[in-house]
**Q** 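Below is a structure I'd like to ask you about.
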Amino acid sequence: MSDLATALDGASFDGLVKVEELHAQGMITLRGDFGDPGFVTAVTGVAEVSMPGQRGAIVDGRRGLLWMSPDELLLLCTYAEAPILAAKLDAALAGQHCLVANVSDARACFTLNGAYTREVLAKLAPVDMSRDSFGPGEVRRTRLAQVAAAFWLTSDDGAQIVCFRSVAEYVFNLLKAASAPGSEVDFL
Amino acid sequence: MLILECPYCGVKAEETELHAGGEAHIKRFGPGSSDDDFETYLFQRENPMGVHFERWRHVNGCGKWFHAARSTTTLEVFGTYSARTFEPPQEIKDKITARLPGWSWRDLS
């Protein structure tokens with residue numbers, strides 16, 4: 001297979017937190033009726049991850065299901081298996097009113113790692129990042145400064161961010177600025 | 001700052017995460033309607049001091065449209081509710097009555 005060209009070629013930055021562009025994250029957008037057991041069984045069967053509740057993020061190793069809206073899920077997998085899983089989902093959901101789209105190349109992903117992860121996100125998004133109100137297992141679709149993005153905590157001091165590929169450089173620069181050494185707020 | 005709870009994803013969304021969609025519960029008059037109906041639909045909007053019903057979209061979030069009841073003078077939010085309704089639910093109307101007895105908005109009170 002030829003080399004994958006991600007938006008920023010795996011750029012990284014070491015500041016308050018370590019910001020890294022993920023090399024290749026497989027992502028499949030799924031839309032359908034969550035109230036329909038046929039849809040839920042087909043999706044959880046192919047994904048091998050259980051169905052998340054409202055705003056839930058269930059990530060189990062390389063696979064994950066994120067609750068994006070009352071009728072939309074994002075399935076995380078490896079880049080290589082995304083087309084295979086999308087085809088399996090198409091087959092499993094044949095005849096149902098739903099959408100399966102492999103969006104791996106349409107998005108960019110970043111990881112944040114470090115004790116200031118919550119603070120870096122809190123600088124950019126209108127989200128209460130305190131431990132009491134946001135923790136691992138929850139996904140938040142919001143904005144980072146001026147562009148739409150979603151993030152979830154992968155551990156207590158790590159997070160993953162998804163944004164559109166076209167704004168990857170903007171988001172990377174934002175994250176760099178927000179995690180510039182010396183810019184600690186030490187509130188969260 | 002206005003904070004509305006999105007009834008679809010449960011997020012307490014701050015104003016910058018939302019997009020205002022104008023007055024709620026308007027019946028559309030399109031092609032084939034009378035000029036008077038079309039003019040009323042297009043231009044005659046409420047602009048109250050006090051209780052108001054609006055449409056909002058959780059644009060930097062789940063992307064869903066919803067309704068909000070709030071006061072334009074105090075910015076007090078009485079509640080948000082599904083977009084799939086022609087008028088505010090009784091529960092929202094009761095909340096407004098409890099806070100502002102005698103309120104009215106178009107033909108609601």
Side-chain angles (χ1 to χ4, degrees), chain A residues 29-35 51-58 65-74 99 101 103 106-107 121-130 132-135 137-153 161-164 166-167 170-171 174, chain B residues 1-26 28 52-93 95:
Chain A
T29 285
L30 295 161
R31 294 196 90 137
D33 179 2
F34 292 5
M51 185 73 183
Q54 191 183 49
R55 298 198 309 281
I58 300 179
L65 273 177
L66 310 178
W67 190 98
M68 304 301 275
S69 87
D71 56 6
E72 182 179 344
L73 292 168
L74 188 69
L99 167 89
V103 295
R107 309 280 160 85
L121 288 171
K123 285 181 193 176
L124 300 170
V127 177
D128 180 357
M129 291 301 297
S130 64
D132 296 340
S133 65
F134 192 82
E138 188 175 340
V139 62
R140 184 66 152 81
R141 277 179 87 173
T142 179
R143 62 181 176 89
L144 291 180
Q146 300 188 40
V147 296
F151 57 77
W152 61 100
L153 297 181
I161 299 168
V162 181
C163 66
F164 287 111
S166 55
V167 294
Y170 173 81
V171 169
L174 283 179
Chain B
M1 185 187 295
L2 191 59
I3 294 177
L4 300 175
E5 181 170 341
C6 171
Y8 291 98
C9 64
V11 160
K12 283 194 171 54
E14 183 250 7
E15 200 174 340
T16 60
E17 219 173 88
L18 304 167
H19 179 79
E23 189 181 330
H25 309 303
I26 286 177
R28 181 172 185 269
H52 197 25
F53 297 89
E54 291 172 321
R55 301 165 74 228
W56 285 84
R57 182 173 178 235
H58 194 189
V59 64
N60 281 317
C62 66
K64 301 294 178 198
W65 284 96
F66 61 91
H67 285 137
R70 67 181 185 103
S71 162
T72 57
T73 44
T74 62
L75 293 192
E76 177 178 0
V77 176
F78 304 110
T80 53
Y81 51 99
S82 164
R84 294 178 179 181
T85 171
F86 292 112
E87 68 168 270
Q90 193 57 42
E91 170 208 0
I92 298 274
K93 289 195 271 189
K95 265 188 205 163

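Letters A, B, ... are given to chains in the order of the sequence lines, protein chains preceding strands, and every chain is numbered from 1.
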**Q** Counting only heavy atoms not in B:E91, do more than 12 fall under 6.0 Å of its CD?
**A**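 Result for CD/B:E91: open.
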**Q** Just give me the residue among A:P70, A:A125, A:A149, A:A150 that pairs up with chain B most often, heavy atom to heavy atom, under 4.5 Å.
**A** A:P70
**Q** Taking side chain as everything from C-beta outward and backbone as N, CA, C, O, which of these in A:R55 sits under 4.5 Å from a heavy atom of chain B? Side chain, backbone, both or neither.
**A** side chain
**Q** Looking at A:F164, I want to see if its CZ is surrounded by more than 12 non-hydrogen atoms of other residues, nucleotides or ligands under 6.0 Å.
**A** no
**Q** May I ask you to check whether over 12 heavy atoms, not counting those of B:E76, lie within 6.0 Å of atom CD?
**A**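 More than 12 heavy atoms, drawn from other residues, nucleotides or ligands, come within 6.0 Å of this atom.
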**Q** Just wondering, do B:K64 and A:E72 contact through their side chains at under 4.5 Å, heavy atoms?
**A** no
**Q** Shortest non-hydrogen contact from A:P126 to B:E14?
**A** CB-OE1, 3.3 Å
**Q** Identify the heavy atoms of B:K12 and A:R140 that sit nearest to each other, and give their distance.
**A**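 Scanning both residues completely, I find the closest heavy atoms to be O-NH2, 4.2 Å.
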**Q** If you compare all heavy atoms of B:Y8 against all heavy atoms of A:W67, which two are closest, and at what distance to 0.1 Å?
**A** O-CH2, 3.6 Å
